[in-house]
Amino acid sequence: MSEPHQLRRELGVLPATLLGLGSILGTGIFVSIGLGAAAAGAAVLPAVVVAALVATCNGLSSAQLAARHPVSGGTYEYGHRELTPLLGFTAGWMFLSAKSASAAAAALGFAGYTLAVIEHDGGAGILVPLALGAVVILTVLTAGGIRRSSQVNTLIVTLTIGALTTFVLSGWETAWRHAADNLSFSTATPKDFLEAAALMFVAFTGYGRVATLGEEVRAPRRTIPIAIITTLATSMAIYVVVTLVAVASSGAPALADATGGAVAPLAVLARGFAAPWVAWVVAAGAVTAMLGVLLNLLLGLSRVLLAMARRGDAPKPLATVIDGVTPRAAVITIGVVIACLVLIGDIGITWSFSAFTVLIYYAITNLAALALPADARFVPRWVAMIGLLGCLGLAFWVEPRAWIAGLVVLAIGHGLRLLFRRG
């Protein structure tokens, strides 16, 4: 690969970590805990912990692989280099499918929280166009390169953490008073619990953005592992505390109802806190958080598509890099795909589909980590084994239409691969 087709290394530890947090602290924390509550009630809280533990195993596997192969593409490249081209393509295609759906969910979440800020009832007639507008604007921003995107992401993460801190501090007293009534886990069946864990797992997968941007990270063998581990530890603590306050203060049914009715559950719950202005702060923070997730997904997805085009698994023109700064054609293509998924207008369907496909993606990540030679590992092999079993164990507990759709999309992907290679 010649130098003009490579991306510049511009990210240090802090910006890389903030990009990971910008990917995680968005749709997952502001929306998916409501979807998890709808599936398992108050047991969404231990489901968050289980999902975080599986994600930690996956994160350690990703860190080892990214340190060994610091290039764009994430598990698409790791699968090619450590396993087989077929498994590499499967990982890349599932990532594109999963995270395009997650990006659509983020755009819809942004629209839902924006309507909550302005206290508008919304409806698909306003929700979908607003989400499409966000996709268009951020696609243009991302096409400008990683440096500009990183600067915007830093501002977004700062505002998001401020809003979540406000939610926790304002709701803690209410949560303490109602915890005994609202924190009963006994009503959840094992199936409900595993479905909630699968849905919550998607929320933690933003750490992989650091790996997919490996070609743009300075001193990648040091920076990538530190950024991934820091991102996971920070986000795990935030998720557990926010979910605890949300469920304990208002109850899982209220959290689930708020998600289905307004796509803005934390803002709805915050209206019941002592200070009425908290709901506005949370909604405003969620607006910026959803934009952060969408921005980071556009970055990660376009880099995976870039890597696939370089190997001939996607159309060759998508491998073009402009001035060593941006794969503009890949960014625009991803933006169009996300916009099409936004038109579905259902955040629940898009999130469940994303859960299945991303679990398959990380199963392949762990397989690749198991194939690493001993001198390339800095964590034991059993960590990757737990991650592999956790991913496969959770994958088929999402609703059947989601994993059936995932298998169909995978078959379509392999058909398209044959066409690209013949062309």
Side-chain angles (χ1 to χ4, degrees), residues 20 23-24 28 32 47-48 50-69 73-84 86-102 194-195 197-214 224-225 228-229 231-232 235-236 239 296-297 300-301 303-304 307 351-372 379 381-398 402-403 406-407 409-410 413:
S23 299
I24 293 177
S32 71
V48 167
V50 169
L53 292 175
V54 175
T56 298
C57 292
N58 294 344
L60 292 171
S61 293
S62 295
Q64 294 179 109
L65 289 159
R68 181 172 170 83
H69 306 294
T75 303
Y76 169 75
E77 282 292 330
Y78 312 151
H80 265 278
R81 298 181 184 213
E82 300 292 344
L83 299 170
T84 68
L86 194 63
L87 283 173
F89 176 81
T90 297
W93 183 255
M94 292 309 251
F95 181 84
L96 291 178
S97 302
K99 292 306 182 179
S100 293
S102 293
L194 290 170
E195 180 182 355
L199 293 172
M200 293 311 305
F201 173 80
V202 184
F204 287 103
T205 57
Y207 64 82
R209 207 69 61 251
V210 183
T212 55
L213 297 171
I224 293 174
I228 287 178
I229 293 167
T231 296
L232 273 171
S235 60
M236 193 185 309
Y239 265 81
N296 280 282
L297 286 171
L301 286 162
R303 271 54 177 183
V304 172
W351 196 262
S352 295
F353 174 79
S354 181
F356 173 78
T357 48
V358 81
L359 281 162
I360 299 301
Y361 173 84
Y362 279 107
I364 297 173
T365 302
N366 286 292
L367 271 178
L370 286 170
L372 284 172
V379 294
R381 291 183 85 247
W382 60 261
V383 172
M385 183 61 70
I386 291 175
L388 174 62
L389 294 176
C391 288
L392 294 178
L394 292 175
F396 291 93
W397 288 104
V398 298
W403 60 259
L407 293 176
V409 167
L410 179 59

Participant: What are the two closest heavy atoms between Ala197 and Ala47, and how far apart are they?
Facilitator: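 Heavy-atom minimum between the residues: N-CB, 3.8 Å.
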Participant: Minimum heavy-atom separation for Gly73 to Ala307, with atom names?
Facilitator: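 Of all heavy-atom pairs spanning Gly73 and Ala307, the closest is CA-CB, 3.7 Å.
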Participant: At their closest point, which heavy atom of Pro225 faces which heavy atom of Ala63, and how far apart are they?
Facilitator: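 The pair with the smallest heavy-atom distance is CA-CB, 3.9 Å.
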Participant: Using 0.5 Å steps for rounding, measure from the OG atom of Ser61 to the CD1 atom of Ile386.
Facilitator: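 Ser61 atom OG to Ile386 atom CD1 measures 10.0 Å (nearest 0.5 Å).
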Participant: Can you check whether Thr75 reaches Leu65 side chain to side chain, under 4.5 Å on heavy atoms?
Facilitator: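 With C-beta onward as the side chain, the pair stays apart.
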Participant: Tell me if a side-chain donor or acceptor on Gln64 pairs with a main-chain N or O of Val379 at a distance below 3.5 Å.
Facilitator: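 Yes; judged by distance alone, with no hydrogens or angles, the pair exists.
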Participant: Is Tyr361 close to Lys99 at the side-chain level, that is, under 4.5 Å between some pair of heavy atoms?
Facilitator: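 Counting from C-beta outward, Lys99 and Tyr361 never come under 4.5 Å.
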Participant: Given Leu370, which partner from the list Val383, Leu83, Leu388 fulfils the side-chain contact (heavy atoms from CB on, under 4.5 Å) test?
Facilitator: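 When side-chain contact (heavy atoms from CB on, under 4.5 Å) is applied between Leu370 and each of Val383, Leu83, Leu388, only Leu388 qualifies.
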Participant: Verify whether one side chain among Ser62 and Thr365 offers a donor that lies under 3.5 Å from an acceptor in the other.
Facilitator: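 No, Thr365 and Ser62 have no side-chain donor paired with an acceptor closer than 3.5 Å.
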Participant: Is there side-chain contact between Thr84 and Leu87, with at least one heavy-atom pair below 4.5 Å?
Facilitator: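 Answer yes - side chains close enough.
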Participant: Measure the CG-CZ distance between Leu410 and Phe89 for me, rounded to the nearest 0.5 Å.
Facilitator: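 Between atom CG of Leu410 and atom CZ of Phe89 there are 8.0 Å.
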Participant: For Thr357 versus Met94, what's the shortest heavy-atom pair and its separation?
Facilitator: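 Scanning both residues completely, I find the closest heavy atoms to be O-CB, 3.6 Å.
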Participant: Side-chain contact test, heavy atoms from C-beta onward, threshold under 4.5 Å: evaluate it for Leu194 versus Val50 and give yes or no.
Facilitator: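 In short, these two side chains do not touch, never coming nearer than 4.5 Å.
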Participant: Residues two or more places apart in sequence or in another chain: which of them pass side-chain hydrogen bond (donor to acceptor under 3.5 Å, both in side chains) with Glu82?
Facilitator: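 Counting only residues at least two positions away or on another chain, Glu82 forms a side-chain hydrogen bond (donor to acceptor under 3.5 Å, both in side chains) with Arg68, His69.
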Participant: Any donor and acceptor pair, going by atom type alone, linking the side chain of Ser100 with main-chain N or O of Ser97 inside 3.5 Å?
Facilitator: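 Answer holds: no.
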Participant: Specify whether Tyr76 and His80 have parallel, tilted or perpendicular ring planes, treating 30° as the upper limit for parallel and 60° as the lower limit for perpendicular.
Facilitator: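 Because their plane-to-plane angle is over 60°, the rings of Tyr76 and His80 count as perpendicular.
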Participant: Got Thr56 and Phe204 here, is their nearest side-chain heavy-atom distance under 4.5 Å?
Facilitator: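 No - every pair of side-chain heavy atoms lies 4.5 Å or more apart.
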Participant: Do Val409 and Trp93 have side chains that get closer than 4.5 Å, going by heavy atoms?
Facilitator: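 Answer yes - side chains close enough.
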Participant: If you measure from CG on Leu232 to CG on Leu60, what distance do you get to the nearest 0.5 Å?
Facilitator: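 Separation between the atoms: 7.5 Å.
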Participant: For Val48 and Tyr239, which heavy atoms make the closest approach, and how far apart are they?
Facilitator: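 Looks like CG1-CB, 4.0 Å.
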Participant: For Cys391, what residues pass the side chain to side chain contact (heavy atoms under 4.5 Å, CB included) criterion, not counting sequence neighbours?
Facilitator: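 By the side chain to side chain contact (heavy atoms under 4.5 Å, CB included) rule, Cys391 matches Val54, Asn58, Phe201, Leu359, Tyr362, Ala363, Asn366.
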